[in-house]
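First comes the structure, then the notes that go with it.
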Amino acid sequence: MTITDNASTTTNSVQLPVGYVDISATLDGGQAFRWWPEESGGYRGVVGRRTVNVSEIDGGVVVTPRDGKGVEGLEHTMLEYLGHDQDIEGFRTRFADDPCLGPALRGYSGLRVLRQDPWEALFGFITSSTSNIPRIKLNVGSAAERLGYSVGPEARDVTFPEPEVVAEAGEQFLRDLGFGFRAKYIAPAAEAVASGQLRLADLREASYSDAREALVALHGVGEKVADCVLAFSLDKPESFIVDRHILRALHKWYDLPEKASLSYAADWARDFFGEHSALANQYMFHRERLARRASEWGGTHVERALPEDEV
DNA sequence: GTCCAGGGTGAAA
DNA sequence: TTTCACCCTGGA
């Protein structure tokens, strides 16, 4: 059932009414695991049941179907996915003079917090435990290719497999795909969602703490993974994800005790950044990553790339 | 070839 | 609160 008769030579794409979005950092920066760069530019992935290319053009974002279908509904779907309704302007204004976020905002505006499918996010971040992004993408991608169903011409153009399908496939199936010990967490999580014992959709309406509690109740979901799912899929902008890199940043920029526990740091950050926690978290993480990459190249990350500094 | 880190979690001390 | 096993892949 492939689509081959797309004879139309007219432009079949939609420009989103958003400003500049850093597609690479947003789609392929550790929030989502099923976006792949295309030779022709931009990133290719599946949102819901649509295979699309997302590209930066003229300071904006253009979405082009890769499944041979039209653009109907894509604008709404993609605006929602890219977190269009986040308070990015309020965030910018509030933290313009922040020692860490101010320079970050001027240096690379355009990061967004995605609003993903909750089940895919849960699966992805359980998979992320003591792993790395290339491997997470490998694991999540292979599970999707084996269990999802095709919505485009390429092997990766698949929907994310429903929890019922993952539950049916089972732990051993995931182990055979290279998930390692994470398989014993994912299979029961799939069961919980499939059986209705855990209603992910309802958690979008629930309070931050109630939703978090429900997620942490799952075996294999700790505070870190829960906060990832809350921030990237469950409409909880007050969620703040703490790993060791973020902990170091909080120490460096906000004088948190160097050995503060992850839990203490997360509480502190949520209190400090409030409704902008998830955005602040993303910018801080990105800044730390750039600094790390720079040092790995033997160079120094330019901490303040500001016009006035260069005068 | 070996060594090690990678956006953690759960269980035991 | 701290320590450690848990799987495995890619890079040094």
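Note on naming: letters A, B, ... go to the chains in the order of the sequence lines (proteins, then strands), and numbering restarts at 1 for each one. Since this is a predicted model, take the numbers as computed values, not measurements.
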May I have the distance from [X] (atom [atom1]) to [N] (atom [atom2]), rounded to whole angstrom?
X: Asp243(A); N: dA5(B); atom1: CG; atom2: P; result: 16 Å
X: Lys137(A); N: dG7(B); atom1: NZ; atom2: C1'; result: 15 Å
X: Met284(A); N: dG7(B); atom1: CE; atom2: P; result: 18 Å
X: Tyr264(A); N: dT2(C); atom1: OH; atom2: C1'; result: 19 Å
X: Leu262(A); N: dG10(B); atom1: CG; atom2: P; result: 14 Å
X: Arg289(A); N: dA5(B); atom1: CZ; atom2: C1'; result: 16 Å
X: Ile246(A); N: dG8(B); atom1: CD1; atom2: P; result: 11 Å
X: Ile136(A); N: dT9(B); atom1: CD1; atom2: C1'; result: 15 Å

Task: Which atom of Ala25(A) lies closest to which atom of His286(A), heavy atoms considered - done: CB-CE1, 3.6 Å
Open item on the list: Quick one about Arg287(A) and Tyr283(A) (side-chain donor to acceptor, distance below 3.5 Å, no hydrogens or angles considered), yes or no?
Closed with: no
Report which part of the nucleic acid [X] touches: base, sugar-phosphate, or nothing (heavy-atom distance under 4.0 Å, all strands).
X: Glu288(A); answer: nothing
X: Phe285(A); answer: base
X: Ile133(A); answer: sugar-phosphate
X: Leu218(A); answer: sugar-phosphate
X: Val242(A); answer: nothing

I'd like the [atom1] distance from [M] over to [N], given in whole Å.
N: dA5(B); M: dA5(C); atom1: P; result: 15 Å
N: dG10(B); M: dT9(C); atom1: C1'; result: 23 Å
N: dG1(B); M: dG10(C); atom1: P; result: 15 Å
N: dC7(C); M: dC4(B); atom1: C1'; result: 14 Å

Task: Pair partner, dG10(B) [Watson-Crick or wobble, under 3.5 Å] - done: dC4(C)
Open item on the list: Which is more 5' along DNA chain B, the nucleotide nearest His245(A) or the one nearest Ala226(A)? Just name the residue.
Closed with: His245(A)
TODO: Could you check Asn281(A) against Tyr185(A) and say which one's nearest nucleotide on DNA chain B is further toward the 5' end?
DONE: Asn281(A)
Open item on the list: Using only atom types and a distance under 3.5 Å, with no angle test, would you say the side chain of Asn139(A) pairs donor to acceptor with the backbone of Pro134(A)?
Closed with: no
- [ ] Answer yes or no for this row: Phe181(A) ring on dC7(C) base, centroids under 5.5 Å, planes under 30°.
- [x] no
Open item on the list: Taking donor-acceptor contacts at under 3.5 Å, does the side chain of Arg135(A) reach the base of dC7(C)?
Closed with: yes
Open item on the list: Any N or O donor-acceptor pair under 3.5 Å from the base of dC7(C) to the side chain of Arg175(A)?
Closed with: no
TODO: Return the orientation label for the Phe240(A) and Phe273(A) ring planes: parallel under 30°, perpendicular over 60°, tilted otherwise.
DONE: parallel
Open item on the list: Students often mix this up, so state it plainly: with edges at 30° and 60°, are the rings of Phe160(A) and Phe123(A) parallel, tilted or perpendicular?
Closed with: perpendicular
Side chain of [X] only, please: which of [options] is the nearest?
X: Val225(A); options: dT9(B), dT9(C), dC7(C); answer: dT9(B)
X: Leu138(A); options: dT9(C), dG7(B), dC6(C); answer: dT9(C)
X: His219(A); options: dA11(B), dG8(B), dG10(C); answer: dA11(B)

Open item on the list: Check Arg115(A) with Glu80(A), please: is the shortest side-chain N to carboxylate O separation under 4.0 Å?
Closed with: yes
Task: Tyr264(A), OH: over 12 other non-hydrogen atoms inside 6.0 angstrom - done: no
Open item on the list: Does dG10(B) have its OP1 or OP2 closer than 4.0 Å to a side-chain nitrogen or oxygen of Lys184(A)?
Closed with: no
